Asker: 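What follows is a structure written as structure tokens; I'll ask about it next.
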Amino acid sequence: MQNIKTFLTQDGSIGLYDTELDEIFHSKYGAKKEAFEKFIEPVLAYENKPVKILDICYGIGYNSKCALEHLKNIQLIDCLEINFELVEKSAEFEYDEKINEIIASNLKKPDFINFHINDARISIQKLNEKYDIIFHDGFAPHKQSVLWSEDFILKIANLMHKNSIYCTYNHSKPVLNALRSAGLTLGKTIKNGKTIGTIASFNPDLIKNKYSEIELMELETKSAITYKDKNLNLKHQEIIKNREIEVLNSDKISLSQFKKKML
């Protein structure tokens, strides 16, 4: 926790800031609000159904805690997190007292919540469930690309069934392209007319705000070339460098060229 600082977000919940990466874990507008709008609201169709959840990059647990608050029949939550200190602290950060007690209890003796403390790329290869809901909440790819590669996203897709819903705040083109390459239908999480995240599923009927044909065509440009990590063991700098080389050598047109062509 040496490089982690706390700050008060606008909804009164506590957010975290990583001084080493110069990146916030949570929106300054509200950590709890962000968890609900980007991760829970898109899956409220599962509100009363039995669900199994995979929470990638658990952090201090806002997404899982928010799920416990709003989804009534959770059978399993598998939480992937590399920083055990964050997981330990998650039972202490202000939230509903009963939910914090559930987290604390499962930390001591796992019941229906399991904490997998390791590089998520290693942990995900040991899972064999089919999850109904997947939260993907890693740092932005330009700061930590290791959890946004096409190869890692394929591992996620392999843990989904036809009606699973994948949620992330990320709507960058390389990530959208990786999801599409895994066979998922892409949709937007929209709030106040703005895209704030991505939902994806193998079942197109579960996606309300689908990407348009033109937007999907943009994923054929250089801007959407995915991050590659075939053996799930590269460092961030290696992934970024390899992508830069691939973009440089690609015969694909640039996004700006595509937009001019469409005009």
Side-chain angles (χ1 to χ4, degrees), residues 18 21-24 38-39 42 54 56-57 80 82 119-125 134-160 164-190 194-202 204 207 209-263:
D18 189 314
L21 291 175
D22 188 24
E23 191 77 22
I24 58 173
K38 295 179 180 179
F39 294 94
L54 175 60
I56 302 171
C57 299
L80 311 189
I82 198 169
D119 184 326
R121 296 176 295 177
I122 295 173
S123 296
I124 202 166
Q125 296 180 72
I134 295 182
F135 303 142
H136 190 182
D137 199 12
F139 277 123
H142 67 282
K143 292 291 180 71
Q144 196 58 276
S145 59
V146 298
L147 298 185
W148 299 105
S149 72
E150 181 177 340
D151 309 277
F152 184 71
I153 286 174
L154 181 59
K155 292 293 184 183
I156 295 174
N158 288 339
L159 298 175
M160 298 171 64
S164 300
I165 299 177
Y166 164 100
C167 301
T168 182
Y169 70 88
N170 199 322
H171 49 98
S172 65
K173 285 180 173 54
V175 172
L176 292 174
N177 196 18
L179 290 165
R180 186 183 66 156
S181 297
L184 296 161
T185 298
L186 305 178
K188 304 173 184 178
T189 305
I190 297 176
K194 294 182 179 181
T195 299
I196 63 169
T198 300
I199 59 172
S201 177
F202 287 116
I207 306 299
N209 302 305
K210 294 183 179 68
Y211 275 80
S212 69
E213 287 301 316
I214 294 294
E215 289 171 320
L216 292 177
M217 287 171 67
E218 290 181 356
L219 302 184
E220 300 295 335
T221 67
K222 288 186 178 184
S223 66
I225 288 176
T226 60
Y227 303 94
K228 306 295 195 303
D229 186 14
K230 183 178 180 181
N231 296 315
L232 299 180
N233 61 0
L234 293 179
K235 295 180 180 179
H236 166 67
Q237 293 83 359
E238 294 174 303
I239 294 172
I240 295 298
K241 183 63 177 178
N242 290 342
R243 182 178 182 274
E244 289 174 351
I245 294 171
E246 185 177 356
V247 170
L248 184 64
N249 294 327
S250 174
D251 292 330
K252 294 183 176 183
I253 65 173
S254 68
L255 181 60
S256 60
Q257 288 173 325
F258 173 81
K259 289 181 176 180
K260 287 179 182 178
K261 183 180 177 181
M262 288 298 101
L263 290 175

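Just so it is clear, the structure is predicted and the values come from calculations on it, not from any experiment. Side chains are part of it too, since the values below use all heavy atoms of this structure and drop only hydrogens, waters and symmetry mates.
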Asker: Quick check for you: to the nearest 0.5 Å, what is the distance between L54 atom CG and I156 atom CD1?
Answerer: 7.0 Å

Asker: Ring centroid separation for F139 and H236, is it under 6.0 angstrom?
Answerer: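 No, they do not, as the ring centres are separated by 6.0 Å or more.
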
Asker: Between L154 and A182, which heavy-atom pair has the shortest distance, and what is it?
Answerer: CD1-CB, 4.4 Å

Asker: Less than 4.5 Å apart, any side-chain heavy atom of L255 and any of K173?
Answerer: yes

Asker: What's the separation between atom CG in L186 and atom CD1 in I207, rounded to the nearest 0.5 Å?
Answerer: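 Answer for the CG-CD1 pair, L186 versus I207, is 8.0 Å.
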
Asker: Mark yes when over 12 heavy atoms from residues, nucleotides or ligands other than K210 sit less than 6.0 Å from its NZ; otherwise mark no.
Answerer: yes

Asker: Going by the angle between their ring planes, with limits at 30° and 60°, are Y169 and W148 parallel, tilted or perpendicular?
Answerer: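 The arrangement is perpendicular - the two ring planes meet at more than 60°.
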
Asker: For the CE atom of M217 and the NZ atom of K261, what is their distance to the nearest 0.5 Å?
Answerer: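 Rounded to the nearest 0.5 Å, the CE-NZ separation comes out at 6.5 Å.
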
Asker: List the atom of D229, the atom of L234, and the distance in Å for their closest heavy-atom pair.
Answerer: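 Closest heavy-atom pair between D229 and L234: OD1-N, 3.0 Å.
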
Asker: To check you understand the geometry: which heavy-atom pair defines the closest contact between S164 and S201, and what is its length?
Answerer: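 Minimum heavy-atom contact is O-OG, 2.8 Å.
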
Asker: Of all heavy-atom pairs between N177 and A224, which one has the smallest distance, and what is that distance?
Answerer: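 Taking every non-hydrogen atom into account, ND2-O, 2.8 Å.
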
Asker: So with a 6.0 Å cut-off around NZ of K155, is the heavy-atom count from everything else above 12?
Answerer: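 Counting neighbours around NZ of K155, 12 or fewer heavy atoms of other residues, nucleotides or ligands fall under 6.0 Å, so no.
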
Asker: Quick check for you: to the nearest 0.5 Å, what is the distance between T226 atom OG1 and D151 atom CG?
Answerer: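 Going from OG1 on T226 over to CG on D151, the span is 7.5 Å.
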
Asker: When rounded to the nearest 0.5 angstrom, what distance separates CD in Q257 from NZ in K259?
Answerer: 13.0 Å

Asker: Going by heavy atoms in the side chains, are D137 and K38 under 4.5 Å from each other?
Answerer: no

Asker: Could you walk me through whether V146 and R121 pass the side chain to side chain contact (heavy atoms under 4.5 Å, CB included) check?
Answerer: CA-CA 8 Å; V146 298; R121 296 176 295 177; 3.7 Å; yes

Asker: Restricting to non-hydrogen atoms, name the atom on M262 and the atom on I214 that form the minimum distance, rounded to 0.1 Å.
Answerer: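 The pair with the smallest heavy-atom distance is SD-CD1, 3.8 Å.
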
Asker: Using the side chain to side chain contact (heavy atoms under 4.5 Å, CB included) criterion, which residues pair with F202? Sequence neighbours excluded.
Answerer: A157, M160, L184

Asker: Can you find a heavy atom in the side chain of F258 that is under 4.5 Å from one in the side chain of K252?
Answerer: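 Contact flag for F258/K252 side chains = no.
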
Asker: Could I get the full list of side-chain hydrogen bond (donor to acceptor under 3.5 Å, both in side chains) partners for S123, not counting sequence neighbours?
Answerer: none

Asker: Distance check, rounded to the nearest 0.5 Å: I122 atom CD1 versus L232 atom CG?
Answerer: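 Here the rounded value is 9.5 Å.
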
Asker: Quick one: does H171's side chain have a donor or acceptor within less than 3.5 Å of a partner on T189's backbone?
Answerer: no

Asker: Could you go through residues 239-246 and list every donor-acceptor pair under 3.5 Å that involves a side-chain atom there, pairing it with any protein atom two or more places apart or in another chain?
Answerer:
unit_1, atom_1, unit_2, atom_2, d
N242, ND2, E238, O, 3.2
R243, NE, I225, O, 2.6
R243, NH2, S223, O, 3.0
R243, NH2, I225, O, 3.1
E246, OE1, K228, NZ, 3.2
E246, OE2, K228, NZ, 3.3

Asker: Give me the atom names and distance for the closest heavy-atom approach of T198 to L179.
Answerer: CG2-CD1, 4.1 Å

Asker: Between N170 (side chain only) and S172 (backbone N and O only), is there a donor and an acceptor less than 3.5 Å apart?
Answerer: yes

